[in-house]
Structure formats: structure tokens, C-alpha cells
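Below, chains carry the letters A, B, ... as their sequence lines are ordered, and counting in each starts from 1.
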There are 2 protein chains.
Amino acid sequence: MSEASKNLRPEIELDEIDRKIVEELQANGRITNAELADRVGVAASTCIARVRSLVSRRIITGFTATVDPRAMGLDLQVLVSVTVRSGARQRIAEMSDELRALPEVMQLFFLGGVEDFIIHLAARDSDHVRDFVMEHLSAHPAVSSTRTSIVFSHHLNPIRGAA
Amino acid sequence: MSEASKNLRPEIELDEIDRKIVEELQANGRITNAELADRVGVAASTCIARVRSLVSRRIITGFTATVDPRAMGLDLQVLVSVTVRSGARQRIAEMSDELRALPEVMQLFFLGGVEDFIIHLAARDSDHVRDFVMEHLSAHPAVSSTRTSIVFSHHLNPIRGAA
DNA sequence: AGTGAAAGGCATCGCTT
DNA sequence: AAGCGATGCCTTTCACT
């Protein structure tokens, strides 16, 4: 990596301790500061300062509980690939905000390629999926076509840094 | 929902307080129990019992820090669609374990449809992507074809329950 | 199931090295 | 960056409802 490109994102230098903190907090985001400090081998006061620094530098962007969609009555997950009409590409950005606000939308991927974006949807059942696609996609003037695939299983990994 | 299908997943009855707890913990997984109790309007002792119950019932499956891949030197995200040779479908399950162990793999979706699975990859650069696809996919005897699309942006939403 | 009180543990701060 | 010590808050347990 050149020095020039480095300077575009200054101060993102993670040492071994930072990396260990990130790793532990990904594995258990509700660990106490005292135990985290023990595990990474620094004093509690140092540890809390490190964590706050990681958060304020937006290396850690948040802490969240992961929830089983089935426990919330959402038994069916699908991926919907969407292609936008070629004359309506500039509307993709505004569709993002509309779609993100919908409770069924777990994830949104905006893509370069044949498809313009992919929606990861959690729904109660197939009727719910159909209603979603009809109402929010097929009926949308910018949408050219959609393709829905059922998700049999889904795995989410923590971020593991580059070598 | 019929009583029969209800009984397949017993004891997943979330009341208003449980739902509020889940919501708050998705928004801020590191909130203190005391503040969480205040926000949902129960005593701290009740609140901690509720949280533990949600975790032991696997409604909440974990707590994690969310990390910016770019901060970890992973500047490029792609989705790779993979189709498996029709004679090798039974190998999909074992490929799951191999792929999940790789540090570049953020997510895995196993699908029904034209593609057998989609890999959400975080990589340093396009060389890194190429190396990953060549080494772990193209060279794999079960893989029939792959298609790689760049991810321009990615949004992750909390789970919001069914009505 | 939920609550409140009490004891111990933890977070957080300022200061020192 | 680490360690120490003090304060106040938080967590946790338990008896009671």
C-alpha cells in the first residue's frame, strides 16, 4: 500500500491489543471491561480507553444483540435480486431508504453487475414474501425484474482482519 | 397459526416487555442492565431474569460488536454466486464448514434455485478476491460455476418481529 | 412472575510512574 | 500506557409477594 493511499484513512493502525479487543468483543459484546482487560492482558483503565478509542474511530461501529428471526415469527428467509430499468438507475439511492425502513428487510446489497441490488428478506411465510415483492418491488416504476430464491441456511461470521 | 405448528416450537411467546428488551439490545447491546430496566419499565432484577431467559431460549443468540471491514484493511466486498455440479449436491454441506472457516467469508447463504449458495466476501483488493475464488471455488471439484459481483454498499438491519 | 434491599463487584476517575 | 486507590453505580442474589 502506498503512503498516499494510507493517508486517505489516517490513524487506522491497530496493534495486537486492539485486534484482540475487537476479536473478544465480536465473540462476546457484553463482556465486562474487567474481564476483557484480563483476556487481552492490559489494565482495566487502559482497556476501557482502548475500547472507547475503537468506537470513536468508528472501527467498532456498534454493539448489538443477534436475534433468531424464527423466534420473532419470521420462519422464511429469501434473497430477492432486483434489476432496475436502465432509465431509472439514478433512483437506486432513493429506493435504498424506502427499502431499509421496511421491517422485513434484513440486509441490502447494492451491486455492480447484472443485478442492481439484492434484498435479504425475513418473512412469516411465502404469502408474506409474495406480498412484499408485489407491493414494494413489482409495483415500483423503477424496477425492471426480480428473482426470488429461498434461503435454506444462513451463516454470519465475525470480521477477521487482513494479514 | 394452528395449535399443532405452535407446539413444534414451544414457549416462544414474547410479551411486550420481551420485545422491548430485544429491541433495545439490538440497538445497543452494551447498555447496562439498570438502564435497560428503566427503559422497559421493570425492576433491574426482573430485567436481568428476562434477558437471561431470552438468551437461554435462544431468542437472543448472542451479543457482538459490529466492525467496519475497511478498518481491518478489507476495502472490497463482493458477492460470489456458486453453482455446484449436479452430481455433487451432497457435498454442499461439507463445503459449508470449509468456507465458514475462511477469514474472508462474512456470510454464507445456501439457496434453493439456480445458484446453490452465495458467499459474501470481504477482501483487501481485487487480487485477493481473484485468489480466493481460484483457490477455494474454481479449483474445487464440486463447483460448476461462479459469478462475482462487486458490492457498492451494504446495509444491515435489526430483526423486527412479525405483526 | 415480579419486586426491593443488601452485599459485593465493577466502572470510572484522577493521579502517579 | 500502566497501575493504584476511591467513589458511586451496577449487578446479582434472595426472601417475600
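For D:dA1, the base is anti relative to its sugar; the glycosidic angle deviates from 0 by more than 90°.
The nearest whole Å value for the distance from the CZ atom in B:Arg30 to the P atom in C:dC10 is 13 Å. Look at CG on B:Asn33: it is 18 Å from P on C:dG9, rounded to the nearest Å. As a whole-Å value, the separation of B:Arg39 CZ from D:dC10 C1' is 16 Å. Following rounding to the nearest Å, B:Ile31 (CD1) and D:dT11 (P) show an atom-to-atom distance of 10 Å.
A salt bridge links A:Arg50 to A:Asp15: at least one charged side-chain nitrogen sits closer than 4.0 Å to a carboxylate oxygen.
Here the side chains of B:Ile31 and B:Arg39 are in contact, with some heavy-atom distance below 4.5 Å. At a threshold of 4.5 Å between non-hydrogen side-chain atoms, the residues A:Leu102 and B:Asn157 do not count as touching. B:Asp68 places none of its side-chain heavy atoms less than 4.5 Å from the side chain of A:Arg58.
Side-chain atoms of A:Thr61 come within 3.5 Å of backbone atoms of B:Thr66 as a donor-acceptor pair (strictly under, hydrogens ignored).
In DNA chain C, consecutive stretches of 3 or more Watson-Crick or G-U wobble pairs with both distances under 3.5 Å are given as paired ranges: C:2-17 with D:1-16.
A close approach under 4.0 Å does occur between a side-chain nitrogen or oxygen of A:Arg52 and OP1 or OP2 of C:dC13.
Interatomic distance, CZ of B:Phe132 versus CG of B:Leu121, reported as 4.5 Å (0.5 Å rounding). Here OG of B:Ser96 is found 3.5 Å from NE2 of A:His155. Values are rounded to the nearest 0.5 Å.
In this pair, B:Phe109 and A:His120 present their aromatic rings perpendicular. The plane angle is above 60°, beyond the 30 to 60° band.
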How does protein contact run along nucleotides 1-8 of chain C, one letter per nucleotide 5' to 3', with B for base contact, S for sugar-phosphate only, - for none, heavy atoms under 4.0 Å? -SBB----
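Of the candidates D:dT11, C:dT12, C:dA11, the closest approach to any side-chain atom of A:Ile48 belongs to C:dT12.
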